[in-house]
Amino acid sequence: MPELPEVERARALIESRALGRTVASVEDADTWVCRPHAPGEIASAIEGATLVSAHRRGKAMWVELEGGPPLGLHLGMTGRIAVDEDGTGGQWDRFKIHFEDGGSLALRDKRRLGRVVLDPDLSRLGPDAAEVGRAEFRDRVGRGSIALKARIMDQSTISGVGNLLADEALWRAGLSPLREAGSLSEAELDELRRAIRAATRRAIRRGGVHTGDLIPHRERGGTCPSCGTPLERATVGGRTTFWCPRDQPG
DNA sequence: ACCTATGTTGATAC
DNA sequence: GGTATCAACATAGG
């Protein structure tokens, strides 16, 4: 489920449960998830180091260590962070840190689209969707002929908005996902920014993007939770998209 | 059984 | 450079 709200919860979990603990050993044998590192590379870089802080920008997350390089963690499509969960479900652990105190931190990910990397490169990542200022948002989002939804899901434009959060925010802003990004007025861009921030904050508070108002209606035959109009469905920006043709006119 | 769907990113082609 | 498409992975459901 990982979009920005889920990643923030994972970051907070690490912050509250894993900081101050020291790495005893590391399982980094999954060369797909840990690419381009060879097995043992991450282990030798962080063994003996202590976790000191946990950070996030958009869907990217990283941990800073005293005595080692920063460790980047990405949840991909189906990943989650498991702290001290050594009992069950370990068959999906693609990467795992064992702490000196006997506990652990794992990236648990069925689909293996998650990622673990040393010294993560954040240079191509736009500002966080929940933090970006009004002027910068207007500049970055309000340009080009690309579909509006594709623009806000582009992580180099702003980071953190995925498929579900995009549909929810566009619905809240009353904007069609098909609009050309460059066609929006400043007022529409400001409203969109407000909607993204509101949808994101609410999802963090309530436990994930699935707690949105539109999300439960994103299925064939679904109707707008506000006006009851049957939702439109199409592929936009390569992803399945639902919107209300009445409240989000093109 | 077979086909399609899925929250991610990145490489590639036009 | 901007935009569109497909591939990578693995599972679930019609």
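Not one side-chain nitrogen or oxygen of A:Gln155 sits closer than 4.0 Å to the OP1 or OP2 atom of B:dT8. In terms of phosphate contacts, A:Ser145 brings a side-chain nitrogen or oxygen within less than 4.0 Å of OP1 or OP2 of C:dT3. Residue A:His74 has a polar side-chain atom (N or O) positioned under 4.0 Å from OP1 or OP2 of B:dT9. For A:Thr240, a side-chain nitrogen or oxygen approaches OP1 or OP2 of B:dT6 to under 4.0 Å. Phosphate proximity of B:dT8 to A:Lys59: present, with a side-chain N or O under 4.0 Å from OP1 or OP2. Regarding contacts with the backbone of C:dC9, every side-chain N or O of A:Arg115 stays at 4.0 angstrom or more from both OP1 and OP2.
A pairwise comparison of heavy atoms in A:Gly162 and A:Lys59 identifies CA-NZ, 3.5 Å as the closest pair. Scanning both residues, A:Leu4 and A:Ala130, for their nearest heavy atoms gives CD1-N, 4.4 Å. Nearest heavy atom pair, residue A:Arg140 against residue A:Thr157, reads NE-O, 2.7 Å.
Using a distance-only test at 3.5 Å, with no hydrogens or angles considered, no donor-acceptor pair links the side chain of A:Glu85 to the main chain of A:Leu105. A:Arg56 contributes a side-chain N or O that, together with a main-chain N or O of A:Gly58, makes up a donor-acceptor pair within less than 3.5 Å.
One C1' atom belongs to B:dG7, the other to C:dT3, and the distance between them is 23 Å to the nearest Å. Separation of the P atoms belonging to C:dC9 and B:dA1 is 22 Å when rounded to the nearest angstrom.
A straight line from CZ of A:Arg220 to P of C:dG14 spans 13 Å, rounded to a whole angstrom. The separation between A:Asp30 atom CG and C:dC9 atom P is 11 Å, rounded to whole Å. When rounded to the nearest whole Å, the span between CG of A:Asp109 and C1' of B:dT8 equals 9 Å. Taking atom CZ on A:Phe242 and atom P on B:dG7, their separation rounds to 9 Å, with Å as the unit. Across the protein-nucleic acid pair, A:Glu3 atom CD and B:dT9 atom P stand 9 Å apart, rounded to whole Å. As a whole-Å value, the separation of A:Ile146 CD1 from C:dG2 P is 10 Å. Protein atom NZ of A:Lys110 is 16 Å distant from nucleotide atom P of B:dG7, rounded to whole Å. Rounded to whole Å, the distance from CH2 on A:Trp32 to P on C:dA7 is 13 Å.
Contact annotation for A:Gly238: no contact, since no heavy-atom pair falls under 4.0 Å across all strands. At the heavy-atom level, A:Arg151 lies under 4.0 Å from the strands shown only through sugar-phosphate atoms. Across all strands, A:Leu113 comes closer than 4.0 Å to base atoms (heavy-atom distances).
Between the side chain of A:Arg111 and the base of C:dC9, at least one donor-acceptor pair of N or O atoms lies under 3.5 Å.
Summarising the base pairing, C:dA10 is matched to B:dT6 through a Watson-Crick or G-U wobble pair whose two defining distances lie under 3.5 Å.
Linking Ile, Leu, Val, Met, Phe, Trp and Tyr residues whenever their side-chain heavy atoms come within less than 4.5 Å places A:Met61 and A:Val83 in a single cluster.
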